[in-house]
Structure formats: structure tokens, C-alpha cells
Amino acid sequence: MRRFAVIALGLSVGVAWCQAPASEQNPVPEQQVVKPAEAAAPATPVSVPVQKPPVPDQISMPTDKTIAGLQGRVLDFAQLSRYREDNAKLAPPAPGEKRVVFYGDSITDAWGRRGGKFFPGKPWINRGISGQTTQQMLIRFEQDVVHLKPVAVVILAGTNDVAGNTGPENLQMIQDNITSMVAIAKANNIRVVLASVLPAKKFGWNPDVQPAETIRTLNQWIEQYCAKEKLTFLNYYPSLVDNEGGMKEDLAADKTVHPNDAGYAVMEPLAQAAVEKALK
């Protein structure tokens, strides 16, 4: 009986210890306790405007041509296929020939094809592609410039970057692409003529963009970069700009961005003088 009494007494003491108040059981330091009142406040909700669903009758279905074009852009983002055959057929420069590649977007692409005269009698080659941004031009620079063995390249680029043709870009991204093209040219002993971006106060294909001030800022950088790297700066801008930062309407085929015959006539002597300077 005594043995049972001792066991019972021990059990009662153990139970009493297990049920002791929390304040007596090695309490957590107060500074480590997160109290409800001190919890982080919920983040301010971001307000997203409600998008109205399109009206079925107003949805235009893509044509087969549009679908094929989009598929082509996915498979050939930089449009390396555009000049591949032309490049393969092009003979190497003749001894003493001073080949020059004009490299750019639609403004270069259309030169001599849809407007203006593209330097008749000169061994100068057009490798512009409509709609391209500097990132696409960087990808095809080896194929469409370096492999053609020119003595000089005239780079005109940036309009479509500002317009966001291949997605949002900031000025640093555009500058990085341009400096990368220049570095490749220099590594291959190709002299660089770097042109100012043509003025524009609006883009018909992206009316939400207000490009005039961005183009001015980009052109200031291009001019300073040319001075720093001892490149030839080809400044089209002051001869084409109106008092609102856009292209003079009488010089533009679309009254906004793309030169007409008169516009190219203004650009031609400027480009020729810049190339001649670079080749000296």
C-alpha cells in the first residue's frame, strides 16, 4: 500500500508540473513575439482598369497572309532570310572597290525602291528592312554587313525602337544595341557612319507614343558617342525637322515618318558627304 501511495503522489506532482502556467515555463523573449498589432500591413492593392470585352462583330479575323507573316516572324525574328540569297549571289568587292552598306529599317529599305535615288553608279548596297529595331539589326549584322566585306557601313536605326515594335525599350537598351554593332564593325575594320534618327512627332502604327522628345535625346547621345568613338556623325535631323519636332510634311510620303522623293533628295548629299569623310 505504501508503494502505491508513493506512485500516486509522484503522478500527481508530474501532472501539476505539466499544467503550470505558461508564464512559468521558459517564456519566449518578448522581442521575438510578433503581436497582431505589429504585423505587417497588407500591401496597397493595385488598381487595374477593367477591360471591356470586344464586341464579336468588331473583331477582325486575321487573314492567311497575316498568319503566315506572324509565323515567319516567330521562326525568323531578325529576318535573316530577307537578303540571304542576294548576299550569296554578291561577288566579293573588286580590287580598289570601296563598298559601303547602308543598314537600317524602312527608311533605308525604301531608299531607291519606293522613293528617291539610291546613289547610282556607286558600289553602295542597301540592306534595310522595314519595321526593324536595333535588336533585330544587331542579330543580322554579321550576315548583312560584315560578310559583304564593305569598307564602311552607314547605320540609321532607332525609330522602331522608340515606337516599341518589338516590345518596350528604354534608351539604354537602344544605345547598347548600337554600341554592339559599332564594336563588331570596328573589330572587322569597317568604318562607321552613324546617322541621327529622323524626326517624328507621331507614329501612325502606334499613336499612343509621343516620340519627338525621345528622338531628340537619342540624337544627342548619338552625336556625343560619335565624338567619343571618332565615328562619322551623319546628321539628317535639322534638315528634316519642323517646329514641332516632326518631319516636315512636304518631305514625308506619309506626312509623319517616311521620306518621299523630296525627303530623300535632302538626305542624299548629306549621306554622300558623310561617307566620303569616313573614307578619307
Side-chain angles (χ1 to χ4, degrees), residues 64-160 165-166 177-178 180-195 231-232 234 253 258-261 263-265 267-276 278-279:
D64 291 342
K65 183 178 179 181
T66 301
I67 293 172
L70 291 172
Q71 288 174 336
R73 293 214 170 187
V74 170
L75 297 174
D76 186 9
F77 172 71
Q79 293 176 265
L80 292 167
S81 60
R82 167 70 185 275
Y83 289 112
R84 186 175 288 134
E85 290 185 9
D86 291 340
N87 293 343
K89 295 175 183 176
L90 187 66
E97 176 184 332
K98 294 184 176 181
R99 176 175 291 173
V100 177
V101 174
F102 278 66
Y103 195 60
D105 50 36
S106 58
I107 295 165
T108 300
D109 194 356
W111 201 338
R113 294 168 176 162
R114 292 190 296 275
K117 296 178 181 179
F118 189 75
F119 310 100
K122 293 188 176 295
W124 296 359
I125 299 170
N126 187 326
R127 287 296 180 265
I129 296 183
S130 179
Q132 285 212 331
T133 59
T134 55
Q135 57 182 298
Q136 293 170 303
M137 291 173 61
L138 176 58
I139 293 171
R140 66 184 183 93
F141 195 86
E142 287 278 354
Q143 174 187 288
D144 290 345
V145 178
V146 176
H147 293 177
L148 306 187
K149 306 296 183 183
V151 294
V153 60
V154 179
I155 301 174
L156 171 56
T159 296
N160 294 315
N165 280 24
T166 51
N177 293 331
I178 291 173
S180 295
M181 285 188 276
V182 170
I184 295 171
K186 284 187 169 185
N188 288 276
N189 299 313
I190 300 170
R191 301 178 190 182
V192 177
V193 177
L194 194 52
L231 311 176
T232 301
L234 170 50
H258 299 95
N260 55 19
D261 289 343
Y264 284 119
M267 295 168 64
E268 182 180 354
L270 297 173
Q272 184 163 329
V275 170
E276 290 173 353
L279 296 182

Practice item. Taking Gln135 for its side chain and Asn177 for its backbone only, find out whether a donor-acceptor pair lies under 3.5 Å. Key: no
Practice item. Determine, for Asp76 against Arg84, whether the closest basic-nitrogen to carboxylate-oxygen distance falls under 4.0 angstrom. Key: no
Review point. Side chains of Thr166 and Gln136: do they bring a donor and an acceptor to under 3.5 Å?
Key: no
Revision key, fill the gap. Tested for side-chain contact (heavy atoms from CB on, under 4.5 Å) against Pro150, the lone hit among Val145, Ile125, Val100 is Val145
Practice item. Nearest 0.5 Å please: distance from the CE atom of Met267 over to the CH2 atom of Trp111. Key: 4.5 Å
**Study point:** Side chains of Asp105 and Asn165 in contact at under 4.5 Å (non-hydrogen atoms)
**Key:** no
Check your understanding: Which atom names give the shortest non-hydrogen contact between Asp109 and Gly128, and what distance separates them?
Key -> CG-O, 3.3 Å
Practice item. Look at the aromatic rings of Phe102 and Phe118 and report parallel, tilted or perpendicular, splitting at 30° and 60°. Key: perpendicular
Review point. Distance from Asn160 atom CG to Ile107 atom CD1, nearest 0.5 Å?
Key: 7.5 Å
Point to revise | Close side-chain approach of His258 to Arg114, heavy-atom, < 4.5 Å | key: no
Review point. Hey, what do you get for CG (Leu231) to NZ (Lys186), rounding to the nearest 0.5 Å?
Key: 5.0 Å
Practice item. Side-chain contact test, heavy atoms from C-beta onward, threshold under 4.5 Å: evaluate it for Val146 versus Phe141 and give yes or no. Key: yes
Review point. How long is the gap from CG on Leu148 to CD on Gln143, to the nearest 0.5 Å?
Key: 8.5 Å
Revision key, fill the gap. Here the pair of heavy atoms bringing Ala278 nearest to Val193 is CB-CG2, 3.6 Å
Practice item. Work out which heavy atom in Ala110 is nearest to a heavy atom in Tyr264; give both atom names and the distance. Key: CB-OH, 3.5 Å
Check your understanding: Any sub-3.5 Å donor-acceptor pair from Arg127's side-chain atoms to Asp144's backbone N or O?
Key -> no
Revision key, fill the gap. The reported gap from CD1 in Ile155 to OG1 in Thr134 (rounded to nearest 0.5 angstrom) is 10.5 Å
**Study point:** Lys149 and Pro92, any side-chain heavy atoms less than 4.5 Å apart
**Key:** no
Check your understanding: Around atom NZ of Lys117, are there more than 12 heavy atoms of other residues, nucleotides or ligands at under 6.0 Å?
Key -> no
Check your understanding: Which value, rounded to the nearest 0.5 Å, describes the distance between Ile129 atom CD1 and Arg140 atom CZ?
Key -> 3.5 Å
Point to revise | Val154 vs Trp124 side-chain heavy atoms within contact, under 4.5 Å | key: no
Check your understanding: Looking at Leu279 and Val151, what are the two nearest heavy atoms and their distance?
Key -> CD2-CG2, 3.5 Å
